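A quick note: this is a predicted structure, and the numbers were derived from the prediction, not measured. Along the sequence shown, residues carry numbers from 1.
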Amino acid sequence: MTASIGIWAHGDRTGDVVLYRWEADEQTGFVAFEVPALKFRPADDSGRPIGDLVIDIAADESAGTADGVDQRLFSRAAVAIMRAYRRAGAAPATAHAYYH
């Protein structure tokens, strides 16, 4: 079975924090990408962090929790955004990913 995750920038992509909306497995959520720090946090639709869960790419670690957040989908969204960021050299407009 093929699975996918759709990821779109939700607003301005030039700031220090870029908000992304993701859809997968009949779920939706938001990820705040802190561009200079290379950190990802689950967020609500206004960009406010949910809990203290963070994926820190620079430190190669994740920590914390976030009630109601599917950590597997959150992690997949963060990885897809990071891959697209590395390809583009800037916060991408989209970062869709497909899993087989």
Side-chain angles (χ1 to χ4, degrees):
M1 182 172 121
T2 301
S4 64
I5 184 167
I7 303 167
W8 302 267
H10 193 72
D12 183 20
R13 293 183 296 128
T14 62
D16 286 345
V17 178
V18 180
L19 184 62
Y20 286 89
R21 181 173 186 259
W22 60 262
E23 294 180 3
D25 296 341
E26 298 181 15
Q27 296 184 59
T28 61
F30 292 87
V31 175
F33 175 29
E34 298 172 13
V35 180
L38 300 179
K39 292 182 180 180
F40 295 89
R41 299 178 191 277
D44 64 16
D45 62 354
S46 67
R48 285 186 301 254
I50 298 172
D52 63 354
L53 179 60
V54 63
I55 294 174
D56 186 335
I57 299 297
D60 193 27
E61 64 183 21
S62 63
T65 61
D67 289 339
V69 172
D70 184 318
Q71 290 194 17
R72 179 184 61 87
L73 290 174
F74 165 67
S75 296
R76 283 187 169 185
V79 167
I81 295 164
M82 195 65 221
R83 284 182 183 148
Y85 172 80
R86 286 186 171 145
R87 282 192 304 269
T94 63
H96 309 311
Y98 303 91
Y99 302 94
H100 301 275

Worksheet item: Closest approach of Pro42 and Ala66, non-hydrogen atoms and distance?
Response: CG-CB, 3.8 Å
Worksheet, complete the sentence: Separation between CD1 (Ile81) and CZ (Phe40), nearest 0.5 Å, reads 5.5 Å
Worksheet, complete the sentence: Here the pair of heavy atoms bringing Val31 nearest to Ala77 is CG2-CB, 4.0 Å
Discussion item. If the threshold is 4.0 Å, N to carboxylate O, is there a salt bridge linking Arg76 and Asp25?
Written reply: no
Item to complete: Quick one: closest heavy-atom pair of Ala91 and Tyr85, and the distance?
Response: N-CD1, 3.7 Å
Practice prompt. First locate atom CG of Asp70, then atom CD of Gln27, and finally report the distance between them rounded to the nearest 0.5 Å.
Written response: 5.0 Å
Worksheet entry | Nearest heavy-atom neighbours spanning Asp56 and Ala37 | OD1-O, 4.2 Å
Discussion item. Just verifying a value: how many Å separate Phe30 CZ and Ile7 CD1, rounded to the nearest 0.5 Å?
Written reply: 12.5 Å
Worksheet item: Can you tell me if CG on Asp12 sees more than 12 non-hydrogen neighbours from other groups inside 6.0 Å?
Response: yes
Fill in: Shortest non-hydrogen contact between Ala32 and Gly47, atoms and distance
CB-O, 4.5 Å
Item to complete: Over all heavy atoms of both residues, which pair between Pro92 and Ala9 is shortest? Give the atoms and the distance, please.
Response: O-CB, 3.9 Å
Worksheet item: Picking from Glu34, Lys39, Arg86, what satisfies side chain to side chain contact (heavy atoms under 4.5 Å, CB included) with Ile57?
Response: Arg86
Practice prompt. Calculate, to the nearest 0.5 Å, the distance between atoms CD1 and CZ belonging to Ile55 and Phe74 respectively.
Written response: 4.0 Å
Worksheet item: In terms of hydrophobic clusters joined by side-chain contacts under 4.5 Å, are Val17 and Val35 together?
Response: no
Worksheet item: Is it the case that one hydrophobic cluster holds both Leu53 and Met82, taking links as side-chain heavy atoms less than 4.5 Å apart, direct or via other members?
Response: yes
Practice prompt. Kindly say whether Tyr20 contributes a backbone atom to a donor-acceptor pair with the side chain of His10 at under 3.5 angstrom?
Written response: no
Worksheet entry | Note, Phe33 side chain near Leu38 side chain (heavy atom, < 4.5 Å) | yes
Discussion item. Within this structure, what is the CD1-OG1 distance for the pair Ile50 and Thr65, rounded to the nearest 0.5 Å?
Written reply: 11.5 Å
Discussion item. Once rounded to the nearest 0.5 Å, what's the spacing between atom CZ of Arg41 and atom CZ of Arg48?
Written reply: 15.5 Å
